[in-house]
Chemist: 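Here you go, one structure.
The structure displayed is predicted, hence computed values, not measured ones.
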Amino acid sequence: MASYKIGILNGDDIGPEIVPVAVDVLKAAVLPYPQIQIEWTPLPIGYTSFLEHGITLLPAVREALYTLDGWILGPIGHMAYPKDQPQCFNPHPILRREYDLVSNVRPAKSYPQISCINPDVDLVIIRENNEGFQPDRNMFRGTSDCMPTPDMALSLRVITRRNSTLVAREGFELARRRGGRKKVTAVHKNTVFKLGCGLFIDSCREVAQKYPDIEFETVVVDTFAMKMLMRPQDYDVVVTTNMFGDILSDEAAGLVGGLGMAAGLCTGPQYCMAQATHGSAPDIAGKGIANPFAMVKSAQMMLAWLAGRKQDKAALKAAAEMEAAMEGALKDPASVTVDLGGTASTAEMGRAMCRLLQERTMA
């Protein structure tokens with residue numbers, strides 16, 4: 001019997017609509033397996049937490065997260081937070097840095113039923129999560145973004161062997177689990193950033209030596225951006241630095257139907273965080289029409305990742321069945337939201353996935 005402690009953090013705007021759907025579908029997936037025990041812990045975060053508790057990320061919540069295996073985080077609408085309230089801050093970088101969530105795993109897959117630019121995409125981009133040019137994550141104190149004069153801005157990029165190695169290792173392990181092409185592509189720009197990207201590529205090459213069963217290649221970022229659009233089927237798992245990965249993963253999402261299909265999982269040596277890569281969509285919040293697919297997929301990835309760490313065959317099977325139910329729901333226009341060409345509400349799409357899971361159990 002395997003047990004899991006999982007947090008539920010709804011987030012902002014459409015978060016309270018899509019996160020409960022993800023939780024319901026995950027619960028339906030593990031229901032046939034009584035040996036899988038999950039302890040759920042709801043926790044406040046974001047603007048709702050600020051209104052109720054005066055801060056977007058309570059110290060008590062930060063302490064509670066240390067006791068969990070992972071958590072589901074809804075989108076955070078921090079761009080709309082009041083700028084004159086120091087306690088109303090973006091919790092994203094704190095969560096990623098404090099819990100050492102080094103790798104941001106972002107799959108892009110096309111489905112026959114969903115209109116997309118390229119119908120033959122099935123790749124995963126893993127970006128380093130806590131370094132690069134992000135000024136709020138890569139310094140012990142202060143930020144790396146500064147203006148020495150009114151007419152000059154400086155941004156410092158940080159690359160370390162430790163984080164580059166962890167990202168590369170996550171990529172090779174994922175390529176091995178996925179089966180398929182068993183290929184890792186490291187994306188860089190060491191033609192210009194000889195030290196920063198050079199260190200990243202050197203770290204990837206060192207890890208590659210430990211995975212002789214996995215094909216390894218390196219590609220310059222601008223060349224990769226072009227090739228991914230022209231022949232995305234050439235790629236399997238892609239590892240890269242923070243900003244390159246942020247840009248390329250959105251480009252990949254555009255190939256397969258947009259950010260509504262873009263799931264994400266932040267992983268580290270000890271914890272994981274299911275977090276879809278799209279924003280909080282305040283323009284449709286409360287209307288019940290938000291596409292929950294990316295959030296559900298993120299939760300499914302979390303279950304599979306945790307199950308792999310615990311070598312829990314039942315949970316791995318439940319995760320596979322959850323993925324099959326998600327893909328099955330896409331086949332029926334009555335089971336998907338308007339943005340996917342359907343007629344379902346957010347909750348109805350979730351119920352369709354749960355129904356398919358129940359039918360698989362009864363079959």
Chemist: Under a single-linkage definition using a 4.5 Å side-chain heavy-atom cutoff for Ile, Leu, Val, Met, Phe, Trp and Tyr, are Met273 and Met322 assigned to the same hydrophobic cluster?
Modeler: no
Chemist: Compare all side-chain heavy atoms of Leu265 with those of Cys272 and state whether any distance is below 4.5 angstrom.
Modeler: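 Yes, close enough: below the 4.5 Å cut-off.
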Chemist: More than 12 non-hydrogen atoms from neighbouring residues, nucleotides or ligands closer than 6.0 Å to CE on Met226, yes or no?
Modeler: yes
Chemist: How about Met147: does its CE atom have over 12 heavy atoms from other parts shown lying under 6.0 Å from it?
Modeler: yes
Chemist: Do you reckon Val19 sits in the same ILVMFWY cluster as Leu101, going by side-chain contacts under 4.5 Å, direct or chained?
Modeler: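 Each belongs to a different hydrophobic cluster.
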Chemist: Are Ile14 and Lys287 side-chain neighbours, meaning at least one heavy-atom pair lies under 4.5 Å?
Modeler: no
Chemist: With a 4.0 Å cut-off, would you call Lys227 and Asp222 a salt bridge?
Modeler: no
Chemist: Are Tyr271 and Trp305, when compared by the centres of their aromatic rings, separated by less than 6.0 Å?
Modeler: no
Chemist: Go through Asn190 and Val192 one step at a time and tell me if the side chain to side chain contact (heavy atoms under 4.5 Å, CB included) criterion holds.
Modeler: CA-CA 5 Å; Asn190 70 356; Val192 176; over 6 Å; no
Chemist: When the ring planes of Tyr66 and Tyr99 are compared, do they come out parallel, tilted or perpendicular, using 30° and 60° as the limits?
Modeler: tilted
Chemist: Determine yes or no for a side-chain-to-main-chain donor-acceptor pair under 3.5 angstrom, with Thr223 supplying the side chain and Val219 the backbone.
Modeler: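 No.
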Chemist: Closest approach of Ala263 and Lys297, non-hydrogen atoms and distance?
Modeler: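 It is CB-CG, 3.3 Å.
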Chemist: Answer whether the closest heavy-atom distance between the side chains of Leu259 and Asp250 falls below 4.5 Å.
Modeler: yes
Chemist: Verify, without hydrogens or angle tests, whether Ser164 (side chain) and Phe200 (backbone) share a donor-acceptor contact under 3.5 angstrom.
Modeler: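 Such a contact is absent between Ser164 side chain and Phe200 backbone.
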Chemist: Please find the pair of heavy atoms, one from Gly308 and one from Leu316, that lie closest to each other, and give the distance.
Modeler: N-CD2, 4.0 Å
Chemist: Return the minimal non-hydrogen interatomic distance between Ala252 and Leu123, and the atom names on each side.
Modeler: CB-CD1, 4.4 Å
Chemist: Report, as yes or no, whether the 6.0 Å neighbourhood of atom NZ on Lys109 holds more than 12 heavy atoms from other residues, nucleotides or ligands.
Modeler: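 Yes, NZ of Lys109 has more than 12 neighbouring heavy atoms, counting only those of other groups under 6.0 Å.
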Chemist: Looking at side-chain heavy atoms only, is the closest gap between Val158 and Gln134 below 4.5 Å?
Modeler: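 A side-chain contact under 4.5 Å is absent here.
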Chemist: What pair of heavy atoms forms the shortest contact from Ala347 to Val21, and how long is it?
Modeler: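 The pair with the smallest heavy-atom distance is CA-CG2, 4.3 Å.
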Chemist: Give the minimum heavy-atom separation between Met295 and Ala274, together with the two atoms involved.
Modeler: CE-O, 3.7 Å
Chemist: Working note: Ser298 + Ile72, criterion side chain to side chain contact (heavy atoms under 4.5 Å, CB included); need CA distance, chi angles, decisive distance, verdict.
Modeler: CA-CA 8 Å; Ser298 301; Ile72 302 173; over 6 Å; no
Chemist: Is the CG atom of Leu154 crowded by more than 12 outside heavy atoms at less than 6.0 Å?
Modeler: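 Correct, the count exceeds 12.
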Chemist: Tell me whether Leu306 is reachable from Leu174 by hopping between hydrophobic residues (I, L, V, M, F, W, Y) whose side-chain heavy atoms are closer than 4.5 Å.
Modeler: yes
Chemist: Can Thr143 and Asp145 be counted as having a side-chain donor-acceptor contact under 3.5 angstrom?
Modeler: no
Chemist: If you count heavy atoms of other groups shown closer than 6.0 angstrom to NZ of Lys310, is the number above 12?
Modeler: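 Atom NZ in Lys310 is crowded, with more than 12 foreign heavy atoms closer than 6.0 Å.
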Chemist: Would a 4.5 Å heavy-atom cut-off, applied to side chains only, mark Met228 and Ile125 as touching?
Modeler: yes
Chemist: With Phe172 as reference, evaluate Asp213, Val184, Val239 under the side chain to side chain contact (heavy atoms under 4.5 Å, CB included) test and give the passing residue.
Modeler: Val184
Chemist: For side chain to side chain contact (heavy atoms under 4.5 Å, CB included), just list the numbers for Val238 and Phe224, CA-CA rounded to whole Å, side-chain angles, deciding distance to a tenth of an Å, and then say yes or no.
Modeler: CA-CA 10 Å; Val238 179; Phe224 177 82; 3.7 Å; yes
Chemist: Cation-pi check, Arg157 to Phe193: give yes when NZ or CZ is under 6.0 Å from the six-membered ring centre and within 45° of the ring axis, no otherwise.
Modeler: yes
Chemist: Side chain to side chain donor-acceptor pair (under 3.5 Å), that's the test. Do Thr160 and Glu131 meet it? Break it down for me.
Modeler: CA-CA 8 Å; Thr160 67; Glu131 297 178 342; 2.4 Å; yes
Chemist: To the closest 0.5 Å, what do you measure between CG (Leu57) and CD (Gln87)?
Modeler: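 Going from CG on Leu57 over to CD on Gln87, the span is 10.5 Å.
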Chemist: Taking NZ, NE, NH1 and NH2 as the nitrogens, is one of them in Glu206 or Arg161 under 4.0 Å from a carboxylate oxygen of the other?
Modeler: yes
Chemist: Do Ile114 and Leu356 sit in one hydrophobic cluster, given that two such residues count as connected whenever their side-chain heavy atoms are within less than 4.5 Å of each other, even indirectly?
Modeler: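 No: no chain of side-chain contacts under 4.5 Å links Ile114 to Leu356.
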Chemist: Quick test of your reading of the model: are Arg106 and Asp246 salt-bridged, counting only N-O distances below 4.0 Å?
Modeler: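 Yes.
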Chemist: Got a donor-acceptor contact below 3.5 angstrom from the Asp13 side chain to the Ala285 backbone?
Modeler: no
Chemist: Would you indicate whether the side-chain heavy atoms of Pro20 and Asn10 approach each other to under 4.5 Å?
Modeler: yes
Chemist: Would you find a donor on one side and an acceptor on the other, under 3.5 Å apart, between the side chain of Asn242 and the backbone of Asn129?
Modeler: yes
Chemist: Got a donor-acceptor contact below 3.5 angstrom from the Thr56 side chain to the Cys88 backbone?
Modeler: no
Chemist: Considering only NZ, NE, NH1 and NH2 on the basic side and carboxylate oxygens on the acidic side, decide whether Lys182 and Asp236 come within less than 4.0 Å.
Modeler: no
Chemist: Would Lys183 pass as a cation-pi partner of Phe216, given that its NZ or CZ must be under 6.0 Å from the six-membered ring centre and within 45 degrees of the axis?
Modeler: no
Chemist: Are the side chains of Gln275 and His92 in contact, using a 4.5 Å heavy-atom criterion?
Modeler: yes
Chemist: So, do Ser280 and Ile76 sit near enough that their side-chain heavy atoms are less than 4.5 Å apart?
Modeler: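 Counting from C-beta outward, Ser280 and Ile76 never come under 4.5 Å.
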Chemist: Of the options Thr165, Thr267, Val207, which is the one that meets Glu170 in a side chain to side chain contact (heavy atoms under 4.5 Å, CB included)?
Modeler: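 Testing each of Thr165, Thr267, Val207 against Glu170, the sole residue satisfying side chain to side chain contact (heavy atoms under 4.5 Å, CB included) is Thr267.
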Chemist: For salt bridge (Lys or Arg N to Asp or Glu O under 4.0 Å), just list the numbers for Arg181 and Asp122, CA-CA rounded to whole Å, side-chain angles, deciding distance to a tenth of an Å, and then say yes or no.
Modeler: CA-CA 10 Å; Arg181 300 200 62 190; Asp122 187 4; over 6 Å; no
Chemist: Distance check, rounded to the nearest 0.5 Å: Phe244 atom CZ versus Ser249 atom OG?
Modeler: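 Between Phe244 CZ and Ser249 OG, I get 13.0 Å after rounding to 0.5 Å.
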Chemist: Just do the side chain to side chain contact (heavy atoms under 4.5 Å, CB included) check on Ile126 and Val105 with the steps written out, would you?
Modeler: CA-CA 4 Å; Ile126 304 179; Val105 184; 4.3 Å; yes
Chemist: If you apply the rule side chain to side chain donor-acceptor pair (under 3.5 Å), what do you find for Asn163 with Glu128, and how did you get there?
Modeler: CA-CA 7 Å; Asn163 280 23; Glu128 194 287 322; 2.9 Å; yes
Chemist: Under a plain distance cut-off of 3.5 Å, with no hydrogens placed, do Gln270 and Arg309 share a side-chain donor-acceptor pair?
Modeler: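 No, because no side-chain N or O of Arg309 sits under 3.5 Å from a partner of the opposite role on Gln270.
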Chemist: So which atom in Val256 and which in Met261 form the shortest heavy-atom distance, rounded to 0.1 Å?
Modeler: O-CG, 4.1 Å
Chemist: Hey, do the aromatic rings of Phe293 and Tyr111 have their centres closer than 6.0 Å?
Modeler: yes
Chemist: Quick one: which of Glu173, Arg176, Arg169 gives a side chain to side chain donor-acceptor pair (under 3.5 Å) with Tyr211?
Modeler: Glu173
Chemist: Using modelled atom types only, decide if a donor and an acceptor are shared between the side chain of Thr346 and the backbone of Ala290 within a distance under 3.5 Å.
Modeler: yes
Chemist: In terms of hydrophobic clusters joined by side-chain contacts under 4.5 Å, are Phe50 and Leu65 together?
Modeler: yes
Chemist: Give the table of side-chain donor-acceptor pairs shorter than 3.5 Å for residues 23-48, with sequence neighbours excluded, one pair per line with atom names and distance.
Modeler:
unit_1: Tyr33; atom_1: OH; unit_2: Glu321; atom_2: OE1; d: 3.1
unit_1: Tyr33; atom_1: OH; unit_2: Glu321; atom_2: OE2; d: 2.9
unit_1: Gln37; atom_1: NE2; unit_2: Pro34; atom_2: O; d: 2.6

